[in-house]
Amino acid sequence: MTVRVRIAPSPTGLLHVGNVRSALFNWLFARHHGGTFVLRIDDTDIERSEAKYEDDIKTGLAWLGLNWDEGVDAGGPHGTYRQSDRFNRYRQVAEQLVAGGHAYYDERTPEELDELRARAQREGKHPNVYIRRPAADATSGVVRFSVPQDAAVEFVDLVRDEMRFGQEVIDDFVILRSNGVPTYHLASTVDDVDYEITHVIRGEDLLPSTPKHILLTRAMEAEPAVYAHLPLLFGPDGKKLSKRHGDTSLKAYRRGGYLPEAMFNYLSLLGWSYDSETTIFSVEQAIERFDLAGVSKNPAVFDVDKLQWMNGEYVRAIEAADFTGRARPLIEAELGRPPTDDEWDTFVSVSTLIQERVKLMSEVGEMSRFLFVDEVSFDEPSWSKVMKGDAKVALAAALRRLSEVGDWTPASIEAGLRLVLDDTELNPRKGWQPLRVAVTGSQVSPPLFESMAAIGRAKTIARLQRALKRLERE
RNA sequence: GGCCCUGUCGUCCAGCGGUCUAGGACGCUGGCCUUUCAAGCCGGUAACGCGGGUUCGAAUCCCGUCGGGGCUGCCA
């Protein structure tokens, strides 16, 4: 049997990292088994679904490298893979279920239903036990699935093993709204059957819905898929990951300077492990080892600190040319225009030094700023911390010694600056930090000699003089 | 309230009856290196929720308890 899995996000908001993690596990499962990964858009909530969110989903998955073999845009034998294009099919199934006695029309009012729930509540029973087929047949309203009361629903979950839900706790859920629009339960189940999905791998929040889907599938006289419910992702407070915990959309991380490779690696570790020792591994390695049996049952807290560390690992690991390639748009953003050839050469001359220092790609622009501006704007905390005591002496000595430097290279600059220390009898910290602030604007920067070499002699001298002047005024 | 899932360092994972004085990673932290910051290297901190069983032996199996979470909608 060929494995066929799907990810079926709803385009009702930006793609959430929790869904991305589910997508990732589905993708790994498909790739590991040489199966098919399907992208379907579950847009039965016509009120909240928007095209821009579908775009965000596709962009996000593609960015992470989760290519889909079949589905929206990719095509395949099942149409558009958008549920809103299949409402007739779902209505047809609903009608068949009604005709077959598996479902019924229900025109009870919300108030009546509330009363039934309140009664169950009072008796300490499942809130929906009394929402069953009424004695009198209705011919309009919603369509409810009639849950067979003869047996419990049992199934084997690939992550959680044997599951059992008593029939009394499965309510007669709505499959078709009164306006003729199918609910998620119907549409999703019909699609899973029609698309011949073999494994449904999804978040644990849908575990209580699974018996409904199995019952529906059986009523359609089809074979239910194998289910696997993934642990949820939590925020730092131990609650389901949500907006309140900061960024939850993949887009925010994409924009925030995270590398897709790092995101992939990090997400794959939330609920799964490569082995007991390895933290950093490639996509190929993950595919080779991935196994649902190894998926944890416990929820995982999304730890941005660890993601950030991992991103730094990946940033440092990429080839220098790859780094400059990925950095180019960020330099453009910093300049507000494409860099000139000279500017680009300047950046490239120190790019490996910057690469070693950033955790996020988004830091590249700021860390490079001093390379391009005419005059640096001083980071005031840096200034006040460093520009005191013998700073004036150091700046003056540097100006003197640097004017004697022949070739403007890091090595000769270093030689000159070593003489500054001799002249002033200052240690490197006292003698050089003022120069760093003068030249880069901050006490944190790429190495000093290379930075001076990169911006050139003229700018270096001018910045030292400007700093000295300000110091003399103060 | 009802149903379901779940409980190893602060966090993510390893452990699937003895090799556990519980391992790796992030974080935090001490030190080294050092022109700043990173990186790197060496070291430290810190966990089997609790109570009963089963067993020669339990983090590993069973029961209970307490805790966390999810679902309970004409959202998905």
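What you see is a predicted model, and the numbers here were worked out from it, not measured in a lab. Labels below follow one simple rule: chain letters A, B, ... track the order of the sequence lines, proteins then strands, and each chain is numbered from 1.
Nucleotides B/G68 and B/G10, compared at atom C1', are 16 Å apart to the nearest Å. B/A47 and B/G67: their C1' atoms are spaced 16 Å apart (whole Å). For B/G52 and B/A59, the P atoms lie 14 Å apart once the distance is rounded to whole Å. Remark: the separation of the P atoms in B/C12 and B/U34 is 39 Å, to the nearest Å. Nucleotides B/C9 and B/G23 have their P atoms positioned 14 Å apart, rounded to a whole Å. Comparing B/C13 with B/U8, their C1' atoms are spaced 10 Å from each other, to the whole Å. With both ends at atom P, the span from B/U19 to B/C61 equals 16 Å, rounded to whole Å. One P atom belongs to B/U6, the other to B/A14, and the distance between them is 14 Å to the nearest Å.
The interatomic distance linking A/K125 (NZ) with B/G1 (P) rounds to 18 Å, in whole Å. Rounded to a whole Å, the OH atom of A/Y90 is 20 Å from the P atom of B/C74. Summarising the geometry, the separation between NE2 on A/H185 and C1' on B/C74 is reported as 11 Å, rounded to the nearest angstrom. Atom-to-atom, CG of A/L207 to P of B/U72 comes out at 12 Å; the value is rounded to the nearest Å. Note: CG (A/L269) to P (B/C13) measures 8 Å, nearest angstrom. Per the geometry, CG belonging to A/L233 stands 15 Å off P belonging to B/U11, to the nearest Å. Atom pair A/W272:CH2 and B/C13:C1' shows a separation of 11 Å (rounding to whole Å applied). Residue A/N311 contributes atom CG, which lies 15 Å from atom C1' of B/A39 at whole-angstrom precision.
At a threshold of 4.0 angstrom between heavy atoms, the contacts of A/P299 are confined to the sugar-phosphate backbone, with no base atom among them. Across all strands shown, A/L206 has heavy atoms under 4.0 Å from base atoms, whether or not it also approaches the sugar-phosphate. Heavy atoms of A/L448 sit under 4.0 angstrom from at least one base atom. Counting any heavy atom pair closer than 4.0 Å across all strands shown, A/V169 reaches sugar-phosphate atoms only and no base atom. Contact annotation for A/Y274: no contact, since no heavy-atom pair falls under 4.0 Å across all strands. Heavy atoms of A/T279 sit under 4.0 angstrom from primed sugar atoms or phosphate atoms, though from no base atom. Residue A/V142 is in base contact, counting any heavy-atom pair closer than 4.0 Å across all strands shown. The residue A/E277 sits close only to the backbone: its heavy atoms come under 4.0 Å of sugar-phosphate atoms, none of a base. As judged by a 4.0 angstrom heavy-atom cut-off over every strand, A/R144 is placed among residues touching the sugar-phosphate backbone only. Here A/M163 lies in heavy-atom contact (under 4.0 Å) with sugar-phosphate atoms only. Using a 4.0 Å heavy-atom criterion, one finds that A/G271 contacts the sugar-phosphate atoms exclusively. At a threshold of 4.0 angstrom between heavy atoms, the contacts of A/S10 are confined to the sugar-phosphate backbone, with no base atom among them. Residue-level contact check: A/S209 touches the bases, meaning some heavy atom is under 4.0 Å from a base atom. Across all strands shown, A/R418 has heavy atoms under 4.0 Å from sugar-phosphate atoms exclusively, and none from any base.
Taking a cutoff of 4.0 Å between a charged side-chain nitrogen and a carboxylate oxygen, A/E414 and A/R418 qualify as a salt bridge. Ion pairing between A/R133 and A/D172 fails under the 4.0 Å rule for side-chain N and carboxylate O. A salt bridge between A/D114 and A/R108 is absent, with no side-chain N of the basic residue lying under 4.0 Å from a carboxylate O of the acidic one. Between A/E95 and A/R91 there is no salt bridge, since no side-chain nitrogen of the basic residue lies less than 4.0 Å from a carboxylate oxygen of the acidic one. A salt bridge links A/K58 with A/E54: the distance from a Lys NZ or Arg NE/NH1/NH2 to an Asp or Glu carboxylate oxygen falls below 4.0 Å.
Nearest-nucleotide positions on RNA chain B for A/P446 and A/E162 put A/E162 closer to the 5' end. Between A/N179 and A/A120, the one whose closest nucleotide on RNA chain B sits nearer the 5' end is A/A120.
Taking all atoms of both residues into account, the shortest heavy-atom contact from A/R326 to A/L259 is NH1-CG, 3.8 Å.
Side-chain atoms of A/D205 lie closest to B/C71 of the nucleotides B/C74, B/C71, B/C3. Across B/C71, B/U35, B/A76, the shortest atom-to-atom separation from the side chain of A/D45 is found for B/A76. Checking B/C12, B/C3, B/G70 against every side-chain atom of A/V301, the shortest atom distance belongs to B/C12. Picking from B/C3, B/A14, B/G27 the nucleotide with the shortest atom distance to the side chain of A/D305 gives B/G27. Taking only side-chain atoms of A/N298, from C-beta outward, the nucleotide of B/U6, B/C13, B/U35 with the closest atom is B/U6. Of the candidates B/U11, B/G2, B/A14, B/A14 carries the atom nearest the A/S273 side chain, counting heavy atoms from C-beta on. You'll find that the side chain of A/P428 is closest to B/U35, out of B/U35, B/G2, B/C4. Of all nucleotides listed (B/A38, B/C5, B/C74), B/C74 comes nearest to the side chain of A/S178.
Using the Watson-Crick or G-U wobble rule with both distances under 3.5 Å, B/G23 pairs with B/C13. With a cut-off of 3.5 Å on both pairing distances, B/C74 has no Watson-Crick or G-U wobble partner at all. Figure legend. B/C41 is base-paired to B/G31; pairs are counted as Watson-Crick or G-U wobble with both atom distances under 3.5 Å. With a 3.5 Å ceiling on both atom-pair distances, the Watson-Crick or G-U wobble partner of B/G18 is B/C56. As the counterpart of B/G49, B/U65 is assigned, both hydrogen-bonding distances of the Watson-Crick or G-U wobble pattern falling under 3.5 Å.
In summary, the aromatic rings of A/Y253 and A/F302 are positioned with their centroids under 6.0 Å apart.
For the pair A/R6 and A/V200, the minimum side-chain heavy-atom distance is below 4.5 Å. Residues A/S442 and A/W383 form no side-chain contact, since every pair of their non-hydrogen atoms from C-beta on lies 4.5 Å or further apart.
In the interface, the side chain of A/R357 is paired with the base of B/C37 through a donor and an acceptor atom under 3.5 Å apart. No hydrogens or angles were tested; on distance alone, nothing pairs the side chain of A/S445 with the base of B/C37 as donor and acceptor under 3.5 Å. Below the 3.5 angstrom threshold, one finds no donor paired with an acceptor across the side chain of A/R429 and the base of B/U34. For B/C5, its base never sits under 3.5 Å from the side chain of A/K297 at any donor and acceptor pair. A donor and an acceptor atom sit less than 3.5 Å apart, one in the side chain of A/R436 and one in the base of B/U35.
Residue A/W309 has a polar side-chain atom (N or O) positioned under 4.0 Å from OP1 or OP2 of B/C26. At the phosphate of B/G73, OP1 or OP2 sits under 4.0 Å from a side-chain N or O atom of A/N128. The side chain of A/T278 places no N or O atom within less than 4.0 Å of a non-bridging phosphate oxygen (OP1 or OP2) of B/A25.
Considering A/H229, A/E162, A/E204, A/K297 in turn, A/H229 is the only one that fulfils the side chain to side chain contact (heavy atoms under 4.5 Å, CB included) rule with A/D157.
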